[in-house]
Structure formats: structure tokens, C-alpha cells
Amino acid sequence: MKLNVSFLRYIFVAGSVVCGMQSLMAQEQFADIVRGIAADAPSFNAERARMQAEVESIKGENVLENPEVEFERLWSSGMADNKWSGSLSQSFDWPGAYGSRRRAATALATAGKFGLDQTFRQLQVKAAESILQIIAANRKVKILSEMHESMQRLREEYDRAWQMGETTILDVNKMKIEEIRSATELEQAIAEVNALKADLLAMAPSPDGIAMDKVMTLDFPYMELLPEDAYTEAVETSPEVRYYAAMVEAEEANLAVAKMQRLPGFSLGYVHAFEEGTHFNGLSVGVSLPIYSRKHAVASAAQLGMAARFDLVARRVELETRIAADYASASALKRQIDRFFPLVEGVNNLILLRKALDGGELSLLDYLQETNYFLRARLDCLDLLRDYSILAFRLNTFASSAM
């Protein structure tokens, strides 16, 4: 007896481990597919190209002006010799401006990277939402297929019973109506799956396409909510907040650049001239005085810096508020699923109802009403599971992206 108990415990533990491994593998497979779709999305690759172009453009602005070459020749109208001269000069800003531009370029490049991370996370959430809707729609098709097959079999039985005079034409017509209804709902569910597949394919129309065959075999991945503090603490290190923090730094550097540009610029050059048979060598020095051209640049840069700081505060508050709302909704859905799921998925209510109908405990009308009741309950539970999975994935992806 002790051996049997030990053996049963071993089987239970082994079964739990296997189920846990399968759940973990399903979750990893789901995450891999989602990441692949986000990485192949044209919008993501376009934004990455734009970011790289902006960085290169900013770097191009922080270089010296092109050297300027001048040549002059004067022809004499009398007996004097002709004259000519040439010069090579280089202009440059106040020296501190280049360091400020470099800091601005570095901050903007950092902001671009965090903005790209933010876009990648948003695309993952969008892809996951589409896949979870497909999973729910596939389950709905399966549930409605079972219902339609049950209605078909029951209608056939009532056809035979009517032919044998054991039922009325009213009951036969009821069954025909229910069969048509179940077929219509099933067709609508299949159409919904096809529409969701098209939307998902539109996200990443790569040459290889999305592994739709794998998507169609997926089930809801296990998603556990972390403590709420784990999500709120992730706000400060999230790509969104770090993006706006980098933009604040960039605008501060731009303000320093604007102030530097109000200072004089310089030009230095070499001059060679030929006059009356004599060659002359010398230097040219110039100073530009930005009295008018930079009049409002500093004020504009200061206002942009203030706007960036307000954007940072607003985004932080927005994220904290959204996390609190999503967490509250996900927790409520989880509680409903825990109460609801065993009642509609743990028991085959259709079999019990059919036994009650065959045993004369239910009339046909009562059977149809009860069947529809439990069908709606299963579909409601499916909606709860879908909505919870979407919220849990959004929260968990936010937390992981902030690491």
C-alpha cells in the first residue's frame, strides 16, 4: 500500500512538472512568434531607418564649414601690368558650439534608440493582441462546431421521430431553425478568424510570411501577473520615460548651442596676390557678428526645453495611471475566470442536458434554452480569458522592456 501511495505521488509530481514545462514552452513559443512579427514589421524597419538618417544628419551639422576658395584677376586698361590674387579661407563657429552640438547629437541618438525600443514593444503588444484574438476565435469556432454538430444530430433524430409519428412538426421546425442558427454563428466565427489572420499578415508581410500554421495551433499561454509594484517601479526605466529624459538632455544641449551661436564666428585664410611684378603672401582674418540672425533662437530653445520637461512629467503620469488601470482590470478578470472557468469548462454541460432531454426531464424548448445558456457562458468565459491575456501580456512586456 505504501508503494502504491508513493507511486501515485510520483505520478502526480511528474505530471505537474510535465504540465509546467509544456506551459513554459507554449509561452516561449508565443513570445518568439510575437517578437518575430514585430521585428519584420515594415513600420519598425522604417522607423529604424529614419532614426539612423536623423543621427547622420545631426552628425553632419557638427562639422566645419567647407573651405572657401576665391580667385580674382584684374586687367589693366593702360600700360600697367595685370593683377591677380587668390585666397583659401576656413570659417568656424565659437569653439564651445561644437561640444554642445555633440552632446545634443548624442542625446538625440539615445532618444532615438529608446523610441525604437518603445515602438518595438508596442508592435509586440499589437501582434500579441491579434494572435490572442485568433486563439479566442479558433476556440469559438471549436465550441460552435460542437454546438452545430449537436444540433444537426438532434434535428436528424427529430426528423426520424416525426416520420414515425413520435413527435410534432413544430418540434421538427424548432430543430431546423436551431440548426440554421448554429450554422450561421459558425460561419460568422470562421469569417472572423479569416479577418484576424489577414490583419496579422498585414503587420509583417515579409517574403517568408508569418508562420501562420504555428499561430493556428497556439493556445492561450499561461500569463501570471506580477505584484503591482513591479510594474510601477518599471516606469522610471521604461523606454518611454528614458526617451523623454534623453529629449530633455538634448534640448538643454540645443539651448547651449543657441547661446554659443550668439557669440562671434571666425574665419581664417591664406591670401596670395600678384601686383606690378611682385608676389604677396598674407593672412586674412574675419569675424562674424550675429547681431540679428540669432535674436530669437535662445528664447525658442528655452521654450522647447521647457516643453520637453513637461512631456517627461506627463508621460510618466500617463504610464503610472494606465498601469494602475490595466492592473486593476486584469486582476478583476483573473478573479472572474477563477470562479467562472470550472463551471463551464470542467463539466460537459451539453452531455448532461442531452441526458435530461432523452430522459424526459426537459422539454425540447427547455433543452434549447438551457443549451444556449451554457453556450453563451462558455463564450463569455472565452472573452474573459482573451481580455485577461491581452492585459497581462501588455503589463509583462512593459516590465520586461524596462529591464
Side-chain angles (χ1 to χ4, degrees), residues 19-52 55 109-139 193-226 230-231 233-243 246 315 319 322-323 326-327 330 385-403:
C19 290
M21 292 178 62
Q22 289 177 342
S23 177
L24 181 60
M25 290 176 62
Q27 189 173 3
E28 291 178 350
Q29 184 183 19
F30 179 86
D32 288 342
I33 292 175
V34 166
R35 282 192 294 267
I37 294 172
D40 288 340
S43 58
F44 175 71
N45 290 292
E47 182 167 343
R48 179 165 54 188
R50 278 193 295 268
M51 183 200 74
Q52 293 173 348
V55 170
T110 302
K113 177 184 177 301
F114 289 131
L116 200 62
D117 292 341
Q118 176 185 354
T119 299
F120 187 69
R121 181 180 62 80
Q122 291 172 345
L123 287 171
Q124 287 188 82
V125 171
K126 185 178 178 181
E129 183 174 347
S130 294
I131 293 175
L132 290 169
Q133 288 177 337
I134 289 175
I135 292 172
N138 281 333
R139 275 205 181 187
V193 171
N194 292 331
L196 290 170
K197 287 168 60 177
D199 291 341
L200 184 60
L201 287 169
M203 283 190 61
S206 62
D208 296 334
I210 297 172
M212 189 59 69
D213 54 339
K214 292 183 180 179
V215 172
M216 296 302 289
T217 61
L218 290 176
D219 201 352
F220 285 109
Y222 176 72
M223 296 185 187
E224 184 176 1
L225 285 177
L226 303 174
Y231 302 114
E233 291 173 0
V235 169
E236 287 302 318
T237 54
S238 65
E240 289 90 337
V241 169
R242 296 172 78 176
Y243 167 81
R315 187 57 173 165
L319 287 174
R322 191 182 69 189
I323 285 172
D326 285 351
Y327 191 86
L385 189 56
R386 178 201 61 205
D387 294 343
Y388 167 78
S389 298
I390 290 173
L391 288 173
F393 184 87
R394 183 190 302 169
L395 288 167
N396 291 339
T397 304
F398 176 83
S400 62
S401 68
M403 294 180 179

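These figures come from a predicted structure and were not determined experimentally.
Using a 4.0 Å cut-off between charged side-chain N and carboxylate O, Asp117 and Arg242 make no salt bridge.
Put simply, the side chain of Asp387 does not reach to within 4.5 Å of the side chain of Leu391, judged on heavy atoms. Residues Arg139 and Asp219 are in side-chain contact: their nearest non-hydrogen atoms beyond the backbone lie under 4.5 Å apart. A 4.5 Å side-chain heavy-atom check between Leu319 and Phe398 finds at least one atom pair inside the cut-off. You'll find the side chain of Thr110 reaches within 4.5 Å of the side chain of Phe114, heavy atoms only. For the pair Leu123/Ile37, no side-chain contact is recorded, criterion being any heavy-atom separation below 4.5 Å from C-beta on.
A donor-acceptor distance shorter than 3.5 angstrom exists from the side chain of Tyr327 to the backbone of Leu226, with no hydrogens or angles considered. Of the possible polar contacts, one joining the Tyr388 side chain to the Met223 backbone as a donor-acceptor pair under 3.5 Å is found. Using a distance-only test at 3.5 Å, with no hydrogens or angles considered, no donor-acceptor pair links the side chain of Thr397 to the main chain of Arg394.
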- Test Asn396 against Tyr231 for side chain to side chain donor-acceptor pair (under 3.5 Å), laying out the working first. CA-CA 8 Å; Asn396 291 339; Tyr231 302 114; 2.5 Å; yes

- Step-by-step side-chain contact (heavy atoms from CB on, under 4.5 Å) determination, Lys197 to Met216: CA-CA 9 Å; Lys197 287 168 60 177; Met216 296 302 289; 3.8 Å; yes

- Task: Start with the C-alpha distance between Phe30 and Phe220, add both sets of side-chain angles, then the distance that settles ring-ring contact (aromatic ring centres under 6.0 Å, His included), and finish with yes or no.
- Result: CA-CA 9 Å; Phe30 179 86; Phe220 285 109; 9.1 Å; no

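In this structure, CG on Asp32 lies 9.0 Å from NZ on Lys214, to the nearest 0.5 angstrom. Put simply, OG on Ser43 and CZ on Arg48 are 11.0 Å apart, with the number rounded to the nearest 0.5 Å. The structure places CD1 of Ile390 at 11.0 Å from CD1 of Ile131, a figure rounded to the nearest 0.5 Å. How far CG of Asp199 is from CG of Leu196: 6.0 Å, rounded to the nearest 0.5 Å.
Nearest approach of Gln124 to Ala38, heavy atoms of both residues: CG-CB, 3.7 Å.
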